[in-house]
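Residue numbers run from 1 in the order of the sequence given. Bear in mind that the values here come from a model prediction, so they are computed numbers and not experimental data.
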Amino acid sequence: MSLSPLQVPHPDVIETEPLPTPPRRGWLRRVLIGAPRDLTDPQTFKHVSLIALLAWVGLGADGLSSSSYGPDEAFRAVGTLHFLAPALALATAATVLVISLAYTRIIHHFPFGGGGYVVATQLLGPGAGLVSGSALLVDYVLTISVSIAAGGEAVWSFLPPGLGAWKLPAEGLTILLLVALNLRGVKESVTVLAPIFGLFLVTHAILIAGAVGGHVTQVPVIARELGGQGRAAIAQLGLPAIMGVFVYAYSMGAGTYTGIEAVSNGLAIMREPRVATGKRTMAYMALSLSVTAGGILLSYLLFHVLPVEGKTMNAALLEAFAGSWSVNGLPVGRGFVMLTLATEAALLFVAAQAGFLDGPRVMSNMAIDSWLPHRFTQLSERLVTQSGVVLMGSASVATLLLAGGHLDRLVTMYSINVFVTFSLSQAAMLRFEWRSREKGRKRGFALHLGALLLCAGILAGIVYQKFGQGGWVTLVVTGLVVALCYWIRAHYRDVQQHLGRLDAVMAALPDAPSGPPRPVDPRLPTAVMLVGSYAGLGVHALLTLQRLFPNHYKNVVFLSVGVVDAATMKGVEEVDRVKGRTEASLRQYVDLARRLGLAADSRMAVGTEAVAEVERLARDVSRDFPRSVFFAGKLIFQEERWYQRLLHNETAYSLQRRLQFAGLNAMVLPVRVSLAGSF
């Protein structure tokens with residue numbers, strides 16, 4: 001076994017020269033993202049969690065904003081059969097309520113969030129969970145792309161056509177701005193965007209109330225007209241053809257329901273009591289979406305709105321509703337149209353938040369199960385899953401560019417994956433209710449059965465109608481994600497099996513020390529071992545140290561950082577549990593060293609970024625033990641590939657660089673891994 005290249009100054013240099021002052025790293029990062037959060041402060045977790053109203057903004061906006069493109073697609077699909085609009089509006093509102101009620105029960109039974117991935121994994125098995133999780137990941141990337149593209153469509157509906165070339169670059173820049181905003185933290189990103197959400201509600205309430213309310217007195221006349229149109233259409237086309245158009249239009253409006261699951265996925269960021277907050281948030285979203293989507297469909301009919309090239313249906317509706325308003329010659333109607341479209345676009349940008357809030361959390365859950373690189377469980381110092389946010393933003397920009405910013409293509413891909421997850425979630429809950437003995441299970445079974453039939457029917461309709469128009473792309477992409485996840489998990493299992501062999505050495509360790517514990521003497525050479533949980537890997541590193549430097553180091557100090565990741569960030573109590581587990585592991589290492597006849601001590605910290613915390617601890621230890629050398633273990637593969645560096649962190653090398661730059665001695669002890677030939 002060979003050691004990595006080392007820069008080791010003479011021990012006397014450490015005793016006589018002061019340690020360099022830590023450099024002020026990342027000052028620009030601090031300005032843009034903010035200062036680190038204190039994990040031990042209970043107010044920190046209160047600050048990063050959301051009350052129902054803010055959760056409605058951050059997560060419910062995804063559902064409500066779909067009223068900007070879902071009803072548009074559905075109404076275009078009815079063609080000239082506008083008399084179908086009332087039935088379509090009623091079916092849309094009913095579907096929203098049924099799916100929302102079904103997800104309310106999921107919130108009740110799965111109070112720690114995770115949505116479709118967790119539900120499918122626990123109730124249908126890992127394979128179904130992987131398919132659901134992969135569909136969700138693609139879905140949340142498309143949540144961002146669709147929301148931004150639809151927002152661009154709304155803005156460019158009232159901008160001069162000559163500016164069309166700037167639409168796609170502006171959309172890409174907006175995604176990058178949202179990435180920066182989300183890196184600052186969950187609550188900051190939502191609070192900044194809350195006024196936009198409120199303005200959208202006000203302007204659209206005026207639109208729907210004015211459009212529907214202004215035609216109340218004409219209901220008998222409108223009903224007779226629609227009845228006459230329906231009878232004439234049936235006589236000309238036949239009832240089966242009319243029903244076929246209705247089902248087609250209903251399926252094409254599937255984008256209306258795409259944001260409903262976001263609330264159940266995002267329970268982890270909600271204020272306690274989470275279940276009550278989640279249910280209240282779901283109720284807000286279901287009511288607002290059903291009224292808005294249904295009201296917009298009726299308004300299209302009442303104002304005889306027809307598609308206009310270069311404009312959304314909502315833009316055409318607003319011009320028909322308020323375009324002619326004026327007060328003392330001032331075109332206030334035009335101002336209302338522009339304001340409403342601007343808030344619509346802005347809300348769509350807010351809706352992209354669901355992708356940034358929920359996408360990284362799904363990635364974190366999948367990474368814990370080793371479907372994705374483990375680094376996606378790690379939180380930044382701002383308590384957000386930074387790697388996940390960056391990946392979601394990058395993937396959404398790439399998707400937007402590959403689709404050329406065309407909203408219809410993106411919505412088709414988006415809707416298919418949403419209903420894959422919806423269908424798996426409802427099938428899982430159907431199985432749960434069938435086996436359950438809880439009171440009200442029959443009602444729950446009927447609810448999930450109805451939701452499953454709706455979701456599976458809509459999914460089949462979209463795939464059938466849109467398979468050749470881009471639907472196949474999302475199925476292929478999701479399939480590739482599933483295959484990649486299987487490959488990643490196989491790699492981790494292979495490595496784990498190899499490392500499991502190291503645990504065998506623990507059986508040969510002495511059961512008791514040969515004599516009384518030796519006291520630690522800071523003046524003597526000291527080995528500082530960076531360890532994690534008590535296992536064969538850490539024990540192997542300690543024994544390797546003894547073999548390489550027999551009888552040289554008189555003291556051993558074990559240093560460990562309890563890392564709080566996305567799975568354990570639920571409050572100060574969870575941080576205390578991480579601290580307790582870390583302390584227990586260190587006690588086992590200290591006890592082992594004393595059984596081996598060494599003087600031993602330990603130091604620990606709790607944080608979100610291991611390297612920064614270890615560097616801080618190392619500086620403190622080096623002051624107490626001036627003749628110390630730091631040792632960290634690192635997996636070394638026989639033929640190291642780029643993906644191995646991605647799947648396994650580079651903490652040891654990163655720490656070695658930082659400690660050596662600070663004037664401290666640091667070595668990396670390699671742990672050789674020989675995997676199957678396929679890797």
Side-chain angles (χ1 to χ4, degrees), residues 56-58 60-72 143-178 181 189-211 255 259 288-289 291-293 295-296 299-300 303 305 307-327 330-354 400 405 407 410-411:
W56 183 28
V57 175
D62 184 23
L64 185 56
S65 68
S66 63
S67 61
S68 301
Y69 49 83
D72 184 316
T143 293
I144 301 170
S145 303
V146 167
S147 298
I148 299 302
E153 293 282 350
V155 171
W156 261 260
S157 290
F158 60 82
L159 289 180
L163 296 177
W166 293 96
K167 178 174 174 292
L168 194 57
E171 292 169 354
L173 179 60
T174 302
I175 293 177
L176 296 179
L177 291 175
L178 286 173
L181 186 59
S189 62
V190 173
T191 305
V192 168
L193 302 172
I196 296 170
F197 187 83
L199 194 55
F200 175 92
L201 290 176
V202 171
T203 54
H204 283 70
I206 293 172
L207 169 64
I208 294 170
S288 59
L289 176 57
V291 170
T292 305
I296 286 175
S299 300
Y300 291 157
F303 281 95
V305 178
V308 178
E309 182 68 27
K311 290 188 178 182
T312 65
M313 291 287 288
N314 283 11
L317 170 62
L318 283 163
E319 290 182 353
F321 171 68
S324 60
W325 292 356
S326 65
V327 176
L330 295 175
V332 294
R334 181 63 179 169
F336 178 79
V337 170
M338 295 180 67
L339 174 64
T340 305
L341 287 174
T343 60
E344 193 173 280
L347 183 73
L348 285 159
F349 299 153
V350 176
Q353 284 296 96
L400 190 69
L407 183 60
L410 292 169
V411 170

Those residues that, when tested against Glu153, pass salt bridge (charged side-chain N to carboxylate O under 4.0 Å, His left out) (two or more places apart): Lys167

Closest non-hydrogen atom pair, Ile296 against Pro71: CG2-CB, 4.1 Å

Spacing of Ile148 atom CD1 and Leu173 atom CG [to the nearest 0.5 Å]: 10.5 Å

Approximate separation, where rounding is to 0.5 Å, of Glu171 CD and Ser145 OG: 9.5 Å

Any pair counted as salt bridge (charged side-chain N to carboxylate O under 4.0 Å, His left out), so long as it reaches residues 197-208, sequence neighbours left out: none

Residues forming a ring-ring contact (aromatic ring centres under 6.0 Å, His included) with Trp166, sequence neighbours excluded: none

Interatomic spacing from CZ in Phe336 to CG in Leu318 - rounded to 0.5 Å: 6.5 Å

Modelled atom types, side-chain donor and acceptor of Tyr69 and Asn314, under 3.5 Å: no

Residues in side chain to side chain contact (heavy atoms under 4.5 Å, CB included) contact with Ala345, at least two apart in sequence or another chain: Ala154, Val155

For the student: nearest non-hydrogen atoms of Phe303 and Leu317, plus distance: CD1-CD1, 3.9 Å

Nearest-0.5 Å distance, CD1 of residue Ile144 to CG of residue Leu178: 8.0 Å

Of all pairs that satisfy salt bridge (charged side-chain N to carboxylate O under 4.0 Å, His left out), the ones with a partner from residues 154-164, not counting sequence neighbours: none

Side chain to side chain donor-acceptor pair (under 3.5 Å) against Thr203, all qualifying residues, sequence neighbours excluded: Thr343

Interatomic spacing from NE2 in His204 to OG in Ser288 - rounded to 0.5 Å: 12.0 Å

Side chain to side chain contact (heavy atoms under 4.5 Å, CB included) assessment of Ser66 paired with Leu289: CA-CA 8 Å; Ser66 63; Leu289 176 57; 3.7 Å; yes

Residues forming a side chain to side chain contact (heavy atoms under 4.5 Å, CB included) with Val202, sequence neighbours excluded: Ile206

By side chain to side chain contact (heavy atoms under 4.5 Å, CB included) - contacts of Ala316 (at least two apart): Val305, Val308

Residue pair Leu168, Leu400: steps toward the side chain to side chain contact (heavy atoms under 4.5 Å, CB included) verdict: CA-CA 8 Å; Leu168 194 57; Leu400 190 69; 3.9 Å; yes

Residue pair Phe200 / Thr340, side-chain heavy-atom distance below 4.5 Å: no

All pairs passing salt bridge (charged side-chain N to carboxylate O under 4.0 Å, His left out) where residues 196-210 contributes a residue, at least two apart: none

By side chain to side chain contact (heavy atoms under 4.5 Å, CB included) - contacts of Pro307 (at least two apart): Arg76, Met313

Closest non-hydrogen atom pair, Ser299 against Ile208: OG-CA, 4.5 Å

For Leu410 against Ala149, the heavy-atom pair lying closest together: CD1-CB, 3.8 Å

Least distance between heavy atoms, Gly210 atom then Phe321 atom: C-CE1, 3.6 Å

